[in-house]
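To start, the structure under review is shown below, and the notes come after it.
In this chain, numbering begins with 1 at the start of the sequence shown. Reckoned from all heavy atoms, side chains included, excluding hydrogens, waters and symmetry mates.
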Amino acid sequence: MDSKVCVVIPTYNEAENLPDIVGSLLGLGLPRLQIVIVDDASPDGTGAIADELAAPYSDRIHVLHRPSKQGIGPAYVEGFKAAVALQPDVLVQMDADLSHQPTTILDMLGCLETADVVVGSRYVDGGSVDMGWNWARRALSRYGNAYTRLVGGVRVRDASSGFKAFRRNVVDSLPLDSLQCKGFGFQAEVTMACQRLNFTLIEQPIDFVDRKKGDSKISWGIVWEALWRLPLIRINHFISRRSRDYPKHREN
Ligand SMILES: Nc1nc2c(ncn2[C@@H]2O[C@H](COP(=O)(O)OP(=O)(O)OP(=O)(O)O)[C@@H](O)[C@H]2O)c(=O)[nH]1
Ligand SMILES: [Mg+2]
């Protein structure tokens with residue numbers, strides 16, 4: 001496990017969760033771990049907490065302060081760019097709210113020996129969603145996922161997973177400045193871009209647990225954005241198949 005791993009975490013009002021997730025990541029025993037925290041001027045002071053956490057680890061923890069809440073998509077784009085500049089072997093994206101278990105990263109690193117991208121998946125054998133989800137939440141997630149797979153042509157079972165690990169060359173190839181989704185549609189958009197670039201994706205089962213602290217940022221606005229934007233992105237992919245946005249198609 002001597003890969004240089006960079007974990008990118010977007011935060012908005014995660015003051016109660018950030019110390020725990022950073023502590024868990026540092027405890028993974030990855031000697032070359034880097035962490036990039038991307039905070040959108042959280043009113044609860046998450047940015048200042050991030051700075052405090054980073055102070056003793058200035059060579060390992062990097063904090064990006066953005067001026068206002070602009071959505072998880074743009075936050076990840078900025079975080080991915082900062083991560084790539086650190087020249088990691090592997091880049092991981094995950095939520096700050098501990099819904100994604102840091103220890104899964106160790107399994108993901110193993111999977112990256114045979115794949116370019118590993119998607120943490122609730123909907124493959126061995127994966128699960130929180131036991132406390134009621135039927136409405138389960139239905140929304142299931143049907144939302146089925147819709148995303150259908151309209152986006154997404155071939156992984158958990159199309160909207162926000163827990164992924166990429167080989168660095170994958171992120172180098174992604175057209176970061178062309179990604180459009182501001183909300184959680186970003187997760188499917190990145191998966192679609194990886195497929196389009198012919199990278200190999202595999203799914204690692206995860207147990208998704210609901211956040212214990214802080215509030216979800218999911219809103220109807222970002223659900224709506226995913227509903228209309230993903231089909232348009234797919235159509236655009238068809239139209240611009242030979243677009244210069246995607247000059248680095250892998251040949252395999
Ligand atoms: N920088 C930044 N981070 C955000 C923004 N919106 C959400 N996040 C972070 O993105 C991650 C996912 O957000 P959540 O609110 O947990 O949403 P979710 O995990 O998709 O939905 P739940 O299952 O309801 O928790 C968390 O780490 C949030 O703090 C944003 O506008 N800017
Ligand atoms: Mg969450």
Side-chain angles (χ1 to χ4, degrees), residues 7-25 40 42 44 46 69 71-73 75-76 92-108 111 117-165 181-192 194 201-231:
V7 180
V8 182
I9 310 173
T11 57
Y12 189 76
N13 285 348
E14 300 290 0
E16 295 173 287
N17 291 313
L18 194 60
D20 290 344
I21 184 132
V22 168
S24 300
L25 289 168
D40 276 12
S42 299
D44 73 347
T46 302
K69 182 167 177 12
I72 192 171
Y76 263 130
V92 175
Q93 62 158 102
M94 69 192 301
D95 293 353
D97 57 9
L98 297 160
S99 287
H100 301 146
Q101 317 292 313
T103 49
T104 306
I105 293 172
L106 303 176
D107 300 322
M108 289 176 150
C111 295
V117 182
V118 185
V119 177
S121 183
R122 298 162 289 186
Y123 299 128
V124 290
D125 282 349
S128 65
V129 296
D130 194 281
M131 298 282 285
W133 280 19
N134 61 22
W135 68 268
R137 177 96 200 257
R138 282 172 197 269
L140 186 66
S141 180
R142 277 276 176 193
Y143 287 115
N145 199 44
Y147 173 85
T148 305
R149 291 177 65 210
L150 185 70
V151 302
V154 177
R155 294 190 291 270
V156 295
R157 299 210 61 86
D158 196 340
S160 53
S161 172
F163 194 9
K164 298 193 186 84
C181 289
K182 308 278 179 260
F184 81 106
F186 175 85
Q187 315 297 7
E189 187 178 12
V190 168
T191 304
M192 289 160 71
C194 291
L201 290 86
I202 57 172
E203 291 182 86
Q204 163 78 36
I206 60 166
D207 295 317
F208 183 94
V209 287
D210 270 347
R211 59 162 73 240
K212 305 280 182 292
K213 298 172 185 168
D215 298 320
S216 171
K217 280 93 216 172
I218 295 280
S219 65
W220 284 110
I222 62 175
V223 172
W224 175 239
E225 185 209 30
L227 288 177
W228 68 263
R229 218 190 264 278
L230 292 173

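- With a 6.0 Å radius and a threshold of 12 heavy atoms from other residues, nucleotides or ligands, Asp215 has its CG atom at or below the threshold.
- A donor-acceptor pair is defined here as one N or O able to donate and one able to accept, closer than 3.5 Å; such a pair exists between the side chain of Glu203 and the backbone of Asp158.
- More than 12 heavy atoms of other shown residues, nucleotides or ligands fall within 6.0 angstrom of atom CG in Asn134.
- Nearest heavy-atom pair, Val117 versus Cys194, reported as atom, atom and distance to 0.1 Å: CG2-SG, 4.0 Å.
- Nearest heavy atom pair, residue Phe163 against residue Met108, reads O-CE, 3.7 Å.
- Heavy atoms only, all atoms of each residue included: Gln187 and Gln93 are closest at OE1-NE2, 2.9 Å.
- Looking at Asp210 and Arg137, a side-chain N of the basic residue comes within less than 4.0 Å of a carboxylate O on the acidic one, giving a salt bridge.
- Look at Glu14 and Arg211 and you find a salt bridge, because one of the NZ, NE, NH1 or NH2 atoms lies within 4.0 Å of a carboxylate O, short of that distance.
- When only modelled atom types and interatomic distance are considered, Ser141 and Tyr123 share a side-chain donor-acceptor pair under 3.5 Å.
- A distance-only check finds a donor-acceptor pair linking the side chain of Lys217 to the backbone of Tyr12 [under 3.5 Å].
- A donor-acceptor pair is defined here as one N or O able to donate and one able to accept, closer than 3.5 Å; such a pair exists between the side chain of Asn145 and the backbone of Arg157.
- Between the side chain of Glu189 and the backbone N or O of Cys181, at least one donor-acceptor pair lies under 3.5 Å.
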